[in-house]
Amino acid sequence: MPVSGIYARESSTLGRPVQVGVVSGKVINVSFPDSLPADTESDHDHLDAVLAAIDRGETDLSSVPIGLTVPTDQRSVLESLRNVPRGDTVDVALLVRMSGLDPEDDDSERVVREALAANPVPVVVPDHRVKDGPSAAPDDVVEALRKSEGI
């Protein structure tokens, strides 16, 4: 398996491509371009896993290694969110507590919302499962992901 590159294929569920950036074997970016980029490869295990989660409901993405280049407090939010199972949702207040942030501190909610909005790896870190928070994925992708999970 190649350790670095940009990989993309069409998602039948989303009706658009899913693009995955991989560096040193870790997913560093998941995006949803309007059309299939000409300069991408289509064959990578991590892309296969992401598409299986989207298109077939195979959801164990915990084995997909990620490289998060976000501030430490945001990293704890995104890592905590990986534990929310398919079909379940959380709200921002619960995610504050799951992340070990102080629920009495107004800055904690801000940190969670900023982490969600800046999530470099949506689907792998399922920000669409936060019912009252932003997502880094486009609105139509979030709607399709929630619909496919029955949430």
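For the numbers below, each heavy atom of this structure counts, side chains included, while hydrogens, waters and symmetry mates do not. Throughout, numbering of the chain's residues begins at 1 and tracks the sequence.
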Student: Kindly state each residue pair satisfying salt bridge (charged side-chain N to carboxylate O under 4.0 Å, His left out) with at least one member in residues 66-77, sequence neighbours excluded.
Tutor: none
Student: Heavy-atom distance under 4.5 Å between the side chains of Ser148 and Ile54, does that happen here?
Tutor: no
Student: Working to the nearest 0.5 angstrom, can you tell me the gap between Leu47 CG and Ile6 CD1?
Tutor: 12.0 Å
Student: Is the shortest side-chain heavy-atom distance between Val112 and Met98 below 4.5 Å?
Tutor: no
Student: Honestly curious: do Val142 and Leu81 fall in one hydrophobic cluster under the side-chain, below-4.5 Å linking rule?
Tutor: no
Student: Quick check for you: to the nearest 0.5 Å, what is the distance between Ser80 atom OG and Arg97 atom CZ?
Tutor: 12.0 Å
Student: So which atom in Pro126 and which in Arg82 form the shortest heavy-atom distance, rounded to 0.1 Å?
Tutor: CD-CA, 4.1 Å
Student: Run the ring-ring contact (aromatic ring centres under 6.0 Å, His included) test against Tyr7 and tell me which residues pass, sequence neighbours left out.
Tutor: His44
Student: Please say whether more than 12 non-hydrogen atoms of neighbouring residues, nucleotides or ligands are located less than 6.0 Å from CG in Asp106.
Tutor: no
Student: Could you check if a side-chain atom of Asp105 sits within less than 4.5 angstrom of a side-chain atom of Val96, using non-hydrogen atoms only?
Tutor: no
Student: Measure the CG-CG distance between Asp55 and Asp48 for me, rounded to the nearest 0.5 Å.
Tutor: 11.0 Å
Student: Measure the spacing between CG of Leu14 and CG of Asp140 and express it to the nearest 0.5 Å.
Tutor: 8.0 Å
Student: Minimum heavy-atom separation for Val123 to Ala53, with atom names?
Tutor: CG1-CB, 4.4 Å
Student: With a 4.5 Å heavy-atom cut-off, do Val121 and Val64 have their side chains touching?
Tutor: no
Student: Name every donor-acceptor pair, under 3.5 Å, that has one atom in a side chain of residues 18-36 and the other anywhere in the protein, sequence neighbours excluded.
Tutor:
unit_1 : atom_1 : unit_2 : atom_2 : d
Asp34  : OD1    : Arg16  : NH2    : 3.0

Student: Considering only NZ, NE, NH1 and NH2 on the basic side and carboxylate oxygens on the acidic side, decide whether Glu143 and Lys147 come within less than 4.0 Å.
Tutor: no
Student: Which residue is it: Leu78, Asn119, Ile66? I am looking for the one with a side-chain contact (heavy atoms from CB on, under 4.5 Å) to Val124.
Tutor: Ile66
Student: Do Val70 and Pro120 touch side chain to side chain, with heavy atoms closer than 4.5 Å?
Tutor: yes
Student: With a 3.5 Å distance limit and no angle check, can you tell me whether Asp132 reaches the backbone of Val92 through a side-chain donor-acceptor pair?
Tutor: yes
Student: Could you tell me the separation between the OG1 atom of Thr89 and the NE2 atom of His128, rounded to the nearest 0.5 Å?
Tutor: 10.5 Å
Student: Which heavy atom in Arg146 sits nearest to a heavy atom in Val130, and how many Å separate them?
Tutor: NH2-O, 3.1 Å
Student: Is it the case that the side chain of Arg129 and the backbone of Asp88 share a donor-acceptor pair, with hydrogens and angles ignored and the cut-off at 3.5 Å?
Tutor: no
Student: Could you measure the distance from the CD atom of Glu10 to the CG atom of Leu51? Nearest 0.5 Å is fine.
Tutor: 9.5 Å
Student: Does a donor on one side chain sit under 3.5 Å from an acceptor on the other, for Ser108 and Asp102?
Tutor: no
Student: Which atoms form the tightest heavy-atom contact between Gly133 and Leu116, and what is the distance?
Tutor: CA-CD1, 4.1 Å
